[in-house]
Amino acid sequence: MQQVGKPVTGKEFIGRGKELALLMEYMKMGQSVVLVAPRRFGKTSLVLEALSRLKKQNYYTAFVDVFTNPTLDLLSKAITEEVLKNHKLHKHFISAKNSATAMVQNIKLKAVLDDFQFIIGFADPSKNQWELLAESIDFVDAFGKKHKTKMICAYDEFGDIKKFDPKGDLVKLFRSKIQQQSNTTYIFSGSYETVMQNMFVSSKAPFYRLARIIHLEYMEKGVLVANLAKKSKELEIKLSAKYIEEIVGLCQCHPYYSQLAFQQLVLFNTLNGRIPDLGELTEYLLSAEKDYLEKVWEDISNNREYVHTLVTIAENGQNIYKRLKPKNINVARATKKLEGMGLLFRDDVKGYYISDPLLQIWIKNNI
Ligand SMILES: Nc1ncnc2c1ncn2[C@@H]1O[C@H](COP(=O)(O)OP(=O)(O)OP(=O)(O)O)[C@@H](O)[C@H]1O
Ligand SMILES: [Mg+2]
């Protein structure tokens, strides 16, 4: 399969050995975790892989994507459905959920309805949505308890809750429920660093001290090189070791771009009957990601501080205070915000740099 973009698990999931071990150990200790990384660093893949392995070790699991369930109703249903999946009851719930009679008559659902009557509320349009959500959040913990099995529950893109919770009531609800639970361990993942920090890290955060934070970084170079070498061999495409290293270098060990680069290389090879040089491959990558990159830029382009700061850092990350001085920019503020958005990284050697290697090239070429 040369498909890229969707979360990967099982055989397609590579590397991340340390992060996976750390995450799973925390889960087994009952220590909830926040997983933070910029877009497309492999957060969802890591969470799904950890859950799938824990499931094999007889944990109950639930995976809820807040981004794709952005209303109280959808969120409650998704949570309940995920819990029921552990007993393969979700399909019965989905097919019966619009009618109380259908639910009660469903023999498979009967046992769970006896213990968790709130589920019938999904068939009642007049039922209070907040109550249903509150009960769904409790259901996660109570279901595992009832069956004497530890539950691991992941909320992916948890920061998105803010989008439909302007007053913070939903966050408060989650906190009050989760704090009292004893059978469930949580993974909260998200890409917008500031949002996650505000929810979990600062002392005023609603989930302060509730979860350990894990930052997901770029992948290990050796893992990506070995993976590309294996995949090219499988497809009988001859690539030199040096060329593979160059691809991984071009992608700065970014998991998504490394996979995309290979896909685009295969495409180029099929269309042109030869391997692209690095410049040609870069063009293919930029063209494949054009819409995404333009969207990222559009989102920041109304702020001149962000624009100047990113353009300057795309050139190079050194002496940026001095170089940005003539533009009269509050560099400390801009870099802090951009770091918080997951767009900038900093290290002692390179200084600031753009976390998305293709965005860096795109800015250099276009702005
Ligand atoms: N461990 C991995 N092994 C192989 N490929 C990976 C891995 N992690 C990420 N990828 C590649 O990156 C892509 C994005 O992964 P994933 O959806 O897990 O990232 P994400 O951080 O959740 O992204 P988003 O910010 O869009 O939610 C995958 O489609 C895959 O090509
Ligand atoms: Mg994701």
Side-chain angles (χ1 to χ4, degrees), residues 1-24 33-53 62-70 78 82 154-163 187-196 213-232 234 244 247-248 250-267 284-285 288-289 291-293 295-296 299 340-345 354-359:
M1 282 264 282
Q2 299 307 327
Q3 213 246 21
V4 280
K6 282 192 190 157
V8 292
T9 52
K11 279 197 193 113
E12 284 180 78
F13 182 91
I14 58 166
R16 298 291 192 213
K18 281 186 204 144
E19 294 89 341
L20 198 55
L22 182 65
L23 182 57
M24 287 177 62
V33 157
V34 187
L35 181 69
V36 188
R39 290 289 320 276
R40 309 196 292 196
F41 263 54
K43 298 173 295 292
T44 306
S45 301
L46 181 67
V47 171
L48 289 175
E49 181 66 17
L51 291 183
S52 132
R53 292 187 188 200
F63 175 85
V64 179
D65 183 353
V66 177
F67 176 72
T68 53
N69 293 293
E82 278 294 306
Y155 284 102
D156 199 16
E157 299 297 350
F158 191 64
D160 274 36
I161 267 196
K162 294 229 150 178
K163 287 190 190 154
I187 305 171
F188 303 95
S189 46
S191 49
Y192 206 129
E193 184 120 351
T194 315
V195 173
M196 299 303 275
I213 193 157
I214 298 181
H215 289 272
L216 201 56
E217 315 262 326
Y218 297 105
M219 300 253 291
E220 278 171 58
K221 187 177 166 196
V223 169
L224 291 171
V225 167
N227 175 250
L228 295 193
K230 180 171 160 266
K231 294 209 298 190
S232 54
E234 277 165 11
I244 291 178
I247 297 180
V248 174
L250 170 71
C251 300
Q252 278 178 27
C253 298
H254 189 294
Y256 170 70
Y257 287 130
S258 307
Q259 301 298 321
L260 183 70
F262 185 73
Q263 181 201 56
Q264 294 297 308
L265 177 158
V266 174
L267 186 68
Y284 260 52
L285 282 169
E289 288 297 304
D291 292 344
Y292 174 79
L293 296 165
K295 177 77 178 64
V296 173
D299 289 346
M341 290 155 82
L343 287 172
L344 271 193
F345 279 163
I354 294 172
S355 63
D356 182 324
L358 209 60
L359 180 64

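One-based numbering along the sequence shown. Just so it is clear, the model here is predicted, and its values are computed rather than measured. Each ligand, and each atom within it, is numbered from 1 in the order the structure gives.
The Glu12 neighbourhood of ligand 1 comprises atoms 3 (N), 4 (C), with distances under 4.0 Å to a heavy atom of that residue. With ligand atoms numbered from 1 in the order given, ligand 1 contributes 27 (O) to contacts under 4.0 Å with heavy atoms of Glu157. Below 4.0 Å from some heavy atom of Gln259 lie the following atoms of ligand 1, by number and element: 5 (N), 31 (O). Those atoms of ligand 1 with a heavy atom of Val8 less than 4.0 angstrom away are 2 (C), 3 (N), 4 (C), 5 (N), 6 (C), 7 (C).
For the 3.5 Å distance criterion, the side chains of Asn227 and Gln259 qualify, holding a donor opposite an acceptor.
Both the backbone and the side chain of Ile14 come within 4.0 Å of ligand 1, counting heavy atoms alone. The backbone and the side chain of Arg40 each have at least one atom closer than 4.0 Å to an atom of ligand 1 (non-hydrogen atoms only). Counting heavy atoms closer than 4.0 Å to ligand 1, residue Ser45 contributes atoms from both its backbone and its side chain. When non-hydrogen atoms are compared, ligand 1 lies under 4.0 Å from neither the backbone nor the side chain of Glu49.
Electrostatic pairing of Arg40 and Glu289 counts as a salt bridge here, judged by a charged N lying under 4.0 Å from a carboxylate O. A salt bridge does not link Glu234 with Lys231: every distance from a Lys NZ or Arg NE/NH1/NH2 to an Asp or Glu carboxylate oxygen is 4.0 Å or more. Salt bridge status for Asp299 with Lys295: present, with a side-chain N to carboxylate O gap under 4.0 Å.
Summarising the contacts of atom 9 (C) of ligand 1 with Ala37, Gly42, Ser189, the nearest heavy atom is found in Gly42. Of the candidates Asp156, Thr44, Val4, the one placing a heavy atom closest to atom 22 (O) of ligand 1 is Thr44.
In this pair, Phe345 and Phe41 present their aromatic rings perpendicular. The plane angle is above 60°, beyond the 30 to 60° band. Ring orientation note: the planes of Tyr257 and His254 are tilted relative to one another, at an angle of 30° to 60°. Ring planes of Phe188 and Tyr155: parallel class, angle under 30° (limits at 30 and 60°).
By the 4.5 Å heavy-atom criterion applied to side chains, Phe13 and Leu20 are counted as neighbours. Counting only heavy atoms from C-beta outward, the side chains of Val223 and Arg16 never approach each other to under 4.5 Å.
Near the Mg ion (ligand 2), less than 2.8 Å away, sit the protein N, O or S atoms Thr44 OG1.
Scanning the protein for heavy atoms near atom 26 (O) of ligand 1, the closest one is Arg39 NH2, 2.7 Å. Tyr256 CD1, 3.6 Å is the protein heavy atom nearest to atom 13 (C) of ligand 1. Regarding atom 28 (C) of ligand 1, its nearest protein heavy-atom neighbour is Lys6 O, 3.3 Å.
Below 3.5 Å of separation, one finds an N or O of Gly5 facing an N or O of ligand 1. Where the criterion is an N or O separation shorter than 3.5 Å, residue side chain and backbone included, Pro255 fails it with respect to ligand 1. Between Lys43 and ligand 1, at least one pair of N/O atoms sits closer than 3.5 Å.
In this structure, the side chain of Glu49 engages the main chain of Gly10 through a donor-acceptor pair within 3.5 Å. The main-chain N or O of Phe63 is found under 3.5 Å from a side-chain atom of Glu82 such that the two form a donor-acceptor pair. Between the side chain of Ser45 and the main chain of Pro7, no donor-acceptor pair closer than 3.5 Å is present.
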Practice item. Evaluate the criterion side chain to side chain contact (heavy atoms under 4.5 Å, CB included) for residue pair Glu157 and Ser191; output intermediate values, then yes/no. Key: CA-CA 7 Å; Glu157 299 297 350; Ser191 49; 3.7 Å; yes

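Residue-environment remark: CD (Gln263) exceeds the threshold of 12 foreign heavy atoms within 6.0 Å.
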